[in-house]
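Chain A is the first sequence line, chain B the second, and so forth, proteins listed ahead of strands; every chain is numbered from 1. This structure is a prediction, so every number in the text was calculated from the model and none was measured.
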Amino acid sequence: MSDPVWILGIHMTKFGKHPDLDTVDLAAEAALGALADGGVTMAQMGVLAAGNLMGAAAGIGQQLQKQIGQTGIPVYNVTNACATGATALRTAIMAVKAGEADYGLAVGVEKLSGAGLLSGGARRPDSDTWQPSGRYGSVAPVDGRIGTEIMPGVFAQIGMEYGHKYGGTSFELFARISEKNHAHSVLNPLAAYTKKMSLEQIMGDVMIAYPNTRPMCSANCDGAAAAVVVSDAVLKTLSLEQQRRAVKVSASVLTSDPYTEGCQVLPDVNTLTRNAAATAYEQAGIGPEDLDLVELHDCFATAELVHYDNLGLCEPGGAVDLFNSGATWRDGAMPVNVSGGLESKGHPIAATGIANIWEVCHHLRGEAGDRQIEGAKVGLAHVIGLGSACGVHILEKSAA
Amino acid sequence: MTNQIPLVDYLVLGDEPHLVANECTACGARFFDRRNACASCSGTEFAKAAIDTTGVVKAFTIVSFAAPGVPVPFVAGFVDCGGTSVRGNIVNVEPDDQHVTLGMPVRLTTSVMGTDEAGTEAVTFGFEPIDPTEGEAAA
Ligand SMILES: [Zn+2]
């Protein structure tokens, strides 16, 4: 077993609308916040990993350095769909674990306010002459003609598939998951939306892709998050206060989707999450029963349900029963998405995979204020990016 | 006779329209698109395999809000056709959760989606409910 890596400092910006801040401003706010939180400076960082999905070609890492410190360290600009933030963090952790750096900085940032619910844009019109093209030899756009390509629809089917396999799902059940997360968000001042919503409001809102109505979809918004990681050896030389607030990375795992039947027509978000969870529990030497809180990737209400099962929070097939037991509410036995989740906290894509770590760290440090999960010692953060990539991190409170 | 062309090359038209996959000769994995090698076993030999024209709906969504240019509502489905998963719209049914249900038996159907300047019809496919009261003769 190699020495653990620690999160020394971490920060997330307010999620929401930031019309006066550009992507680099937000990244800088998060990065400077994480450095200050850890009591370190940019000059100490040995590696920078940064993600900004929408502006991937611009090189957000170097853009950020121009604003906070061009120290010449290696920069890894990463993208991995909605798992981009987790990938940046994992990159920094790997560099520290490999002994190439004492300190690493990971940043994720996105500006999505006003992006609209569907990012794909209009379907191109049919051409005047049918001409097969592409790997399917299609003569015209297929979205809407052969199923759907929109995310709310894809994830709707993922939840429905679970219902077909195990039963017990309904429009109302999925809406109640959303009701929970919106209720949780009321306690999170950094969430994009902090409004409690009734079941009737959620079910009566605009239907996007049955069974997902608008409040059951992740909220597009602006935001950034950043984390400073440090090696075990270096942490031991730091102040007692830094050691006490440091959060142990007990597991850091990234997986991609292995081949399964059907994955070519409906992405399989289950197998890679199950694989990541199994590896993470093994790395951390704990089981799901040891978790005090979980932040999982509720990009849609239908997704949250399947990840209860994928992360082993219940027996296989037991996700509906787990939710119905009330366990995943903040006062339950297995609080899930006490931040409000992506449905209300918001989902600035590349920031999400670090912001969920921030939420867990906040509780483990006992600094979560009104929404503190009392006595939290161990937490898990999960993200999934379609395509697919899954990041799972298990975090533990410092014994110092 | 009007010329017809399928929307995608894995839809085979004719008297008995059906879907066809590229099946890996080593492991049996099926792909509707062209693969350089098998995603399951990395094998490089493929043979054509006809897909069952009946199946059951194992997931669906009713899309009410789509990209501009995509008519809504429509039902997008994930259909198990004899062990091969197929993506397609569920058609010839009211697009609501009273009429479309998980586990519903369906069969492949085709329809003309448009005609180009040369007069060629493009044909798409979908899955329609199989009425359990309906006899084979009507099918
Ligand atoms: Zn194969």
Side-chain angles (χ1 to χ4, degrees), chain A residues 117-132 134-150 152-165 167 169-171 206-214 258-266 302, chain B residues 5-11 21 27 29-35 38-41 56-80 83-89 95-97 100 102-103 113-118 120-122 124-126:
Chain A
L117 195 70
L118 310 173
S119 51
R123 184 172 81 180
R124 76 182 151 81
D126 296 343
S127 69
D128 298 330
T129 315
W130 305 126
Q131 181 64 46
R135 284 185 175 248
Y136 295 96
S138 52
V139 301
V142 300
D143 184 24
R145 288 173 170 144
I146 303 178
T148 181
E149 289 169 8
I150 62 165
V154 170
F155 279 93
Q157 291 175 84
I158 286 165
M160 295 292 276
E161 183 191 20
Y162 191 88
H164 176 58
K165 202 167 168 189
T169 60
S170 64
F171 176 25
V206 180
M207 181 59 78
I208 306 297
Y210 175 95
N212 287 322
T213 64
R214 188 172 49 188
Y259 173 82
T260 54
E261 199 292 314
C263 73
Q264 64 157 341
V265 288
L266 183 67
T302 44
Chain B
I5 189 169
L7 171 58
V8 284
D9 61 14
Y10 63 89
L11 169 62
C27 78
R30 289 175 168 184
F31 305 98
F32 288 118
D33 57 342
R34 172 172 67 79
R35 299 284 169 126
C38 175
S40 175
C41 77
V56 295
V57 174
K58 56 179 179 175
F60 70 89
T61 180
I62 305 160
V63 179
S64 305
F65 191 92
V70 176
V72 289
F74 68 93
V75 184
F78 184 50
V79 179
D80 180 355
T84 300
S85 297
V86 181
R87 172 175 143 182
N89 287 4
D96 61 53
D97 64 0
V100 185
L102 293 171
M113 52 169 261
T115 306
D116 72 2
E117 283 181 340
T120 302
E121 292 176 346
T124 186
F125 70 90

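At a 4.5 Å heavy-atom cutoff, the contact between B:F32 and chain A is made by backbone and side-chain atoms alike. Both the backbone and the side chain of A:D128 have a heavy atom closer than 4.5 Å to some heavy atom of chain B. The parts of B:S40 that come within reach of chain A are both its backbone and its side chain, each placing non-hydrogen atoms under 4.5 angstrom from that chain. Looking at B:V75, there are no atoms closer than 4.5 Å to chain A (heavy atoms on both sides), in backbone or side chain. Of the two parts of B:T84, the backbone and the side chain both hold a non-hydrogen atom closer than 4.5 Å to a non-hydrogen atom of chain A. For a residue to count as touching a neighbouring chain, one of its non-hydrogen atoms must lie under 4.5 Å from one of that chain's; by this rule B:P6 touches chain A with the backbone only. Heavy atoms closer than 4.5 Å to chain A are found nowhere in B:V72, neither backbone nor side chain.
For chain A, the option among B:P71, B:P95, B:A39 with the highest count of heavy-atom pairs below 4.5 Å is B:A39. Chain B forms more heavy-atom pairs under 4.5 Å with one residue of A:P211, A:A156, A:A140, A:C263 than with any other, namely A:A140. Between chain A and the options B:D80, B:T124, B:I5, the largest number of non-hydrogen pairs under 4.5 Å is found for B:I5. No other option in B:A118, B:P73, B:G83 has as many heavy-atom pairs under 4.5 Å with chain A as B:G83.
No salt bridge links A:R123 with A:E149; every basic N to acidic carboxylate O contact stays at or beyond 4.0 Å.
Looking at every heavy atom in both residues, B:A76 comes nearest to A:Q157 through O-OE1, 3.9 Å. What you find for A:T129 and A:S127 is that their closest heavy atoms are O-OG, 2.6 Å. Between B:R35 and A:R135, the shortest heavy-atom distance links the atoms CA-NH1, 4.0 Å. Contact record, A:G262 with B:F78: O-CE1, 3.9 Å, taken as the closest heavy-atom pair.
Using a distance-only test at 3.5 Å, with no hydrogens or angles considered, a donor-acceptor pair links the side chain of B:T61 to the main chain of A:Y210. With hydrogens and angles disregarded, a donor-acceptor distance shorter than 3.5 Å links the side chain of A:T302 to the backbone of A:F155. A donor-acceptor pair under 3.5 Å is absent between the side-chain atoms of B:R87 and the main chain of A:L266, judged by distance alone.
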